[in-house]
Each structure stands twice: as C-alpha cells, then as structure tokens.
Amino acid sequence: MRLTVSTWNINSVRLRIDLVRRFLDEAKPDVLCLQETKCPDDRFPLKELQGFGYPHVVFAGQKGYNGVAILSRLPLVTREVMSFCERQDARHISAVLGPEAGAAAGIALHDFYVPAGGDVPDATLNDKFAHKLSFMDELRAWGGRRPSGPAILVGDLNVAPLEHDVWSHKQLLDVVSHTPIETERLETLRGEAGWVDTMRHLRPPPEKIFTWWSYRSPDWAAADKGRRLDHIWVTPDLADTVKAVTVARHTRAWEKPSDHVPVTVELEL
DNA sequence: ATGGTTGTAAGACAA
C-alpha cells in the first residue's frame with residue numbers, strides 16, 4: 001500500500017482553514033501534521049477538519065502560540081503529548097496508525113514544533129535561543145530512549161541543517177536557524193537515533209530545497225531567499241519504502257499564505 | 001546595521 005504523510009506549519013489553523021481544505025483536496029495525503037495552530041483546544045475547528053475527509057484527529061493547543069495537530073484518513077491510536085523544558089508549550093503530539101491501517105499499522109507519527117529561538121544566536125544573551133538548544137538536547141535524549149519500531153518524525157524543526165538548505169550558507173552562518181551550533185546539534189541528534197532525512201535521501205545536495213520564505217521579503221519568489229526548516233524523518237526500517245518527497249512551493253503564492261509550505265512523503269509499504 | 005510582515009488578540013510578543 002501507499003502511505004502519504006504531509007507536514008505544514010499553518011500559522012493559525014482558524015485563519016487558514018480554507019487553505020488546509022484546498023491543500024487536502026489537491027494533495028490528498030493520508031495524514032497531515034500541522035504546527036502553529038495558534039488555537040486553544042476548546043476553539044479547535046475539529047468538526048470542520050473532519051468534514052474534509054479526515055475523521056481521525058488529535059490535537060494539542062494553547063492560547064495564542066504554538067499548537068500541533070494530526071489529521072488522518074486512517075484510524076489513530078495512542079495519542080501522546082510530550083512536554084519539553086518543563087513547559088506546557090504545545091510543541092509535540094504523537095499517535096500510532098491503528099490495526100485497521102493495513103501495512104501501515106503500528107507506524108508511530110511524531111509531530112514537532114521546535115522553538116524558533118529569537119534573533120540573537122547566543123544562549124547567554126537570549127533566553128529564547130537557550131530554550132531552543134535545551135529543547136534539542138531533550139529531543140536528543142528522547143531519540144536515544146525511544147521504543148523501537150517504525151516511526152515517522154515530522155515538523156517545523158526551525159533549523160536548516162545543510163549548506164544547500166538555505167539561499168546563502170555564508171550569509172546565514174550567524175543567523176538563527178543556520179548557525180553551526182544548531183545545525184550540528186540537529187544533525188547529531190538525528191544521526192544518533194538513526195533517523196533518515198527523507199528529503200535528502202531522495203534529493204541530496206547540491207540541490208537547494210526550501211520550505212519557508214519570510215513574510216518580510218517583498219518579492220519572495222523572485223528573491224527566493226528561502227530555508228529548509230520543515231522536515232520528514234523516518235526510522236531506518238522505512239528508508240527503502242520512501243518513493244517520493246514533494247514540496248508544495250506553489251502554496252506560498254496563495255492568497256494570505258502561511259510563510260511555510262507543505263512537505264509530503266510517499267511510502268510504498 | 002536596520003527594517004522589513006504576520007498572527008493573536010487587544011498591547012505586546014513571538015516568529
């Protein structure tokens with residue numbers, strides 16, 4: 001069977017619910033993981049999203065900031081929310097594809113929203129950067145003790161790890177999201193736990209791949225000053241099942257877009 | 001070096 005999983009930092013699920021519908025209608029993924037829903041749980045548009053053909057939904061939100069959700073055509077079991085850095089931030093949610101999901105049954109889905117880290121890349125001067133590094137340290141520790149079994153980790157990791165993940169490696173070396181301390185930390189925690197970076201597995205450097213373009217760039221498409229902040233990783237047992245990875249760049253040109261675009265992986269199980 | 005835009009939610013704050 002074919003399993004498709006998408007990830008998208010939606011930057012407010014209520015404001016952009018029509019864009020969610022539009023993307024689901026055209027891409028038809030089996031699973032869509034959202035970040036930055038910016039929505040407390042009692043205001044989450046559950047019924048509306050289920051009406052788009054995704055009856056199985058888990059979500060964890062808070063007022064104003066953060067927030068994650070997983071929408072699925074296939075049954076989900078074992079909803080879990082992990083907390084990081086002793087905060088109540090809604091930055092992770094996970095679920096497992098249920099027994100009815102055929103060859104995909106038992107695959108764990110982990111949806112992450114790593115802290116952006118503020119503007120100053122110095123943990124002694126900037127609490128938000130310190131928080132980001134601590135979050136990655138806890139992610140590393142979790143990766144080392146995670147139960148074995150097939151899993152897909154997606155989300156806005158807010159780090160562009162490789163040189164060709166940004167429009168200018170040299171000009172971004174001191175910019176939060178591409179500093180060596182972040183890129184090395186992300187690559188280390190990924191490698192230690194054995195996660196396979198599916199986008200680079202199929203599309204290795206030197207191809208440039210971006211998933212985010214700042215709102216502050218007046219002509220984002222022409223300038224193309226993007227970064228690859230959104231990721232889909234799989235456990236090694238799934239690496240050979242990865243058949244395609246798609247970046248829905250065109251959605252950045254939609255009216256009132258998110259600053260991130262969806263990324264989709266296709267697995268042949 | 002600075003400022004550029006957006007969302008939440010009602011003035012900052014986060015990104």
Side-chain angles (χ1 to χ4, degrees), chain A residues 7-23 33-45 48-49 59-69 83-85 87-92 111-123 125-136 139 154-161 165-168 170-179 181-183 186 210-231 249 251-263:
Chain A
T7 180
W8 194 7
N9 178 321
I10 193 63
N11 188 18
S12 174
V13 69
R14 285 174 292 170
L15 190 70
R16 287 187 238 285
I17 187 119
D18 291 339
L19 300 194
V20 174
R21 183 213 304 258
R22 191 169 167 187
F23 174 70
C33 298
L34 297 172
Q35 304 88 36
E36 281 209 89
T37 54
K38 292 188 172 177
C39 181
D41 288 347
D42 59 5
R43 304 192 60 183
F44 187 81
E48 226 170 329
L49 293 168
F59 54 96
Q62 64 185 92
K63 186 178 177 182
Y65 307 106
N66 308 328
V68 285
S83 76
F84 288 80
C85 305
R87 301 190 187 206
Q88 310 310 318
D89 293 358
R91 294 185 179 274
H92 166 267
D111 183 8
F112 280 96
Y113 175 49
V114 173
D119 290 330
V120 179
D122 183 330
L125 300 174
N126 173 9
D127 289 344
K128 292 199 280 280
F129 195 70
H131 178 214
K132 182 178 196 174
L133 296 182
S134 297
F135 192 101
M136 280 197 275
L139 192 52
V154 311
D156 176 5
L157 305 185
N158 265 316
V159 178
D165 293 339
V166 293
W167 64 277
S168 169
K170 284 187 178 171
Q171 290 182 74
L172 288 175
L173 277 170
D174 289 324
V175 174
V176 171
S177 75
H178 194 62
T179 65
I181 189 168
E182 296 166 84
T183 59
L186 191 75
F210 307 145
T211 65
W212 172 90
W213 293 262
S214 173
Y215 284 128
R216 297 175 193 178
S217 179
D219 194 352
W220 72 272
D224 201 21
K225 294 183 173 180
R227 307 178 200 171
R228 186 172 72 108
L229 302 181
D230 302 275
H231 299 269
R249 178 184 170 112
T251 67
R252 186 61 177 78
W254 286 353
E255 195 175 345
K256 296 274 283 176
S258 171
D259 46 353
H260 295 252
V261 301
V263 182

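In this text, all values refer to a predicted model and were calculated from it rather than measured experimentally.
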For A:E36 and A:I10, the nearest pair of non-hydrogen atoms, with its separation, is O-CG2, 3.8 Å
Atom CH2 of A:W220 and atom P of B:dT6: how far apart are they, to the nearest Å? 14 Å
Between B:dG11 and B:dT6 - C1' atom distance, rounded Å: 16 Å
What heavy-atom pair brings A:E182 and A:V176 nearest, and what distance separates the two atoms? OE2-CA, 3.5 Å
With C1' as the reference atom in both, quote the distance from B:dA15 to B:dG3 in angstrom, rounded to an integer. 15 Å
Go along nucleotides 8-15 of chain B 5' to 3' and tag each nucleotide: B for a protein heavy atom under 4.0 Å from its base, S when only backbone or sugar atoms are that close, - otherwise. SSS--BSB
Between atom CG of A:L172 and atom OG1 of A:T179, what is the distance when rounded to the nearest 0.5 Å? 10.5 Å
I would like to know whether A:V114 and A:H231 meet side-chain contact (heavy atoms from CB on, under 4.5 Å); could you show each step before the answer? CA-CA 11 Å; A:V114 173; A:H231 299 269; over 6 Å; no
Rounded to the nearest Å, what distance is computed from the NZ atom of residue A:K256 to the P atom of nucleotide B:dT5? 13 Å
Nearest heavy atoms of A:A253 and A:W220, plus distance in Å: N-CZ2, 3.8 Å
Considering only the C1' atoms, how many Å lie between B:dA9 and B:dA14, rounded to the nearest integer? 13 Å
Quick one: list whatever passes salt bridge (charged side-chain N to carboxylate O under 4.0 Å, His left out) with A:D224, sequence neighbours left out. A:R249
Integer angstrom distance from the P of B:dT2 to that of B:dG7: 27 Å
